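Just so you know, these numbers come straight off a predicted model, no measurement behind them. We use all heavy atoms of the structure for the numbers below, so side chains are in, but hydrogens, waters and symmetry mates are not. First listed ligand is number 1; within each ligand, the first listed atom is number 1.
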Amino acid sequence: MMSIVVPATSGHLGRLIVTDLLDRGVPAGDIVAGARNLDTITDLAEAGVRTTFIDYDDPSTVEAAVSPGDTFVLISGKDLANRRRQHADAIAAATRAGAGHVVYTSGLRAAESPSPIAASHAPTEDDVRESGLPFTILRNGWYTENYAATIPAARETGVLLASVGEGRVASATRHDFAQAVGAVVTSDGHLGKTYELSGDVAWDYSDLAAALSEVLGRDVTYQAVSREDHLQVLKGAGVPEQFAEMGVAVDAGIAAGAFAYQNGDLARLIGRPTTTLVEGLRPLV
Ligand SMILES: NC(=O)c1ccc[n+]([C@@H]2O[C@H](COP(=O)([O-])OP(=O)(O)OC[C@H]3O[C@@H](n4cnc5c(N)ncnc54)[C@H](OP(=O)(O)O)[C@@H]3O)[C@@H](O)[C@H]2O)c1
């Protein structure tokens, strides 16, 4: 029996992938959900999903979870300093186990992205392509949910402060991206393909302010600031220096267009329009 192995199901995307597979009618017993803490996925086990310990830092756990012919969904890790090695070890382990298909959740336009985070997926893409395994690469764009942390300040101050300039973002929800995984692992024609996944609309921060106004029921206006001023505002608000610098770096990537790319791949894969900005923000309020 060939299964679909999904690690990182304690996280948002992994869990949504598993629930999407169940929604599509994949038998629970054909799904292997991995986590580093199995207490976080007891409900999946109760639903009949096979649950198992998977830690990218211990490749033997990947090898044990994957059986010959299985699909292995490699959800990118969060440890930016170490994830290239973690991913390489996981790919090698899945290869030893005889996986029939590896699906990697990469970053939008990884090969040429001006965003260091998106670009950091490129070496793993090389490892996937060189593994010899049948593969599909899903280059995920910006999650609308990334604005969850923006909402409290917008609600309180009515200001959306950012250093993205005129940058545009074709965001989509994690649910949209999870459904793309579900589509790719349950239908034919995706082997060897690399998809650029992003939302149907590349909006700018005036649009984001308008969407926030709508979901918060109060006026929110976009205030564009320089990178230097942005850093000072964040530090002045008590954000630790490292996180303040990260926030400004993320905005610099957006300003450079790192998440603006749109080619319709995501809507085509999921067979419907992507979730609009307003509808993606609404559950976060
Ligand atoms: N496109 C975007 O806008 C965007 C934004 C944020 C992140 N991402 C990327 O997309 C991935 C999935 O997003 P998400 O929203 O699901 O993130 P999330 O909710 O933070 O979940 C991250 C998951 O990765 C797991 N993980 C971390 N290190 C691991 C390891 N060494 N071995 C096995 N599992 C490990 C975590 O497990 P624990 O619960 O045990 O820590 C957790 O399940 C992230 O990991 C990140 O690479 C993309």
Closer than 4.0 angstrom: is that true for some heavy atom of [X] and an atom of ligand 1?
X: Ile75; value: yes
X: Arg83; value: yes
X: Gly141; value: yes

Of all the atoms in ligand 1, which lie at a distance below 4.0 Å from a heavy atom belonging to [X]?
X: Trp142; value: 3 (O)
X: Asp55; value: 30 (C), 31 (N), 32 (N), 33 (C)
X: Gln86; value: 31 (N)

same_hphob_cluster(Leu38, Val73) at 4.5 Å side-chain heavy-atom cutoff:
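In one cluster: yes.
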Under 4.5 Å between side-chain heavy atoms, hopping through other hydrophobics if needed: is there a path connecting Ile41 to Val62?
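Both belong to a single hydrophobic cluster.
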What residue and heavy atom of the protein are closest to [atom], and at what distance?
atom: atom 19 (O) of ligand 1; result: His12 ND1, 2.7 Å
atom: atom 24 (O) of ligand 1; result: Ala8 CB, 3.6 Å
atom: atom 3 (O) of ligand 1; result: Asn146 ND2, 2.8 Å
atom: atom 16 (O) of ligand 1; result: Leu13 N, 2.7 Å
atom: atom 27 (C) of ligand 1; result: Arg36 NH2, 3.5 Å
atom: atom 12 (C) of ligand 1; result: Tyr143 OH, 3.5 Å
atom: atom 39 (O) of ligand 1; result: Ser10 OG, 2.6 Å
atom: atom 20 (O) of ligand 1; result: Lys78 NZ, 2.7 Å

Salt bridge check, Arg85 against Asp57: does any charged N sit closer than 4.0 Å to a carboxylate O?
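Salt bridge present between Asp57 and Arg85.
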Salt bridge check, Arg15 against Asp43: does any charged N sit closer than 4.0 Å to a carboxylate O?
yes
Any side-chain donor near an acceptor of the partner, Asn140 and Thr105, under 3.5 Å
no
For ligand 1, the portion of [X] having any non-hydrogen atom under 4.0 Å away:
X: Ile54; result: backbone
X: Arg174; result: side chain
X: Thr40; result: neither

Measuring from atom 21 (O) of ligand 1, which candidate in Ala118, Ser76, Gly11 has the nearest non-hydrogen atom?
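Looking at heavy atoms only, Gly11 sits closest to atom 21 (O) of ligand 1.
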Can you see which heavy atom on Ser106 is nearest to which on Glu125, and at what distance?
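The answer is OG-OE2, 2.7 Å.
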Taking the six-membered ring for Trp, are the ring centroids of Tyr222 and Trp203 within less than 6.0 Å of each other?
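Judged by ring-centre distance (under 6.0 Å), Tyr222 and Trp203 do not meet the cut-off.
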So, Phe135 versus Tyr104, ring centres under 6.0 angstrom or not?
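No, too far apart.
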With Tyr56, which residues qualify under side chain to side chain donor-acceptor pair (under 3.5 Å), at least two apart?
none
Just jot down the side chain to side chain donor-acceptor pair (under 3.5 Å) partners of Ser60, sequence neighbours excluded, or say none.
Asp58
Is there a side-chain contact between Val6 and Leu21 (heavy atoms, below 4.5 Å)?
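With C-beta onward as the side chain, the pair touches.
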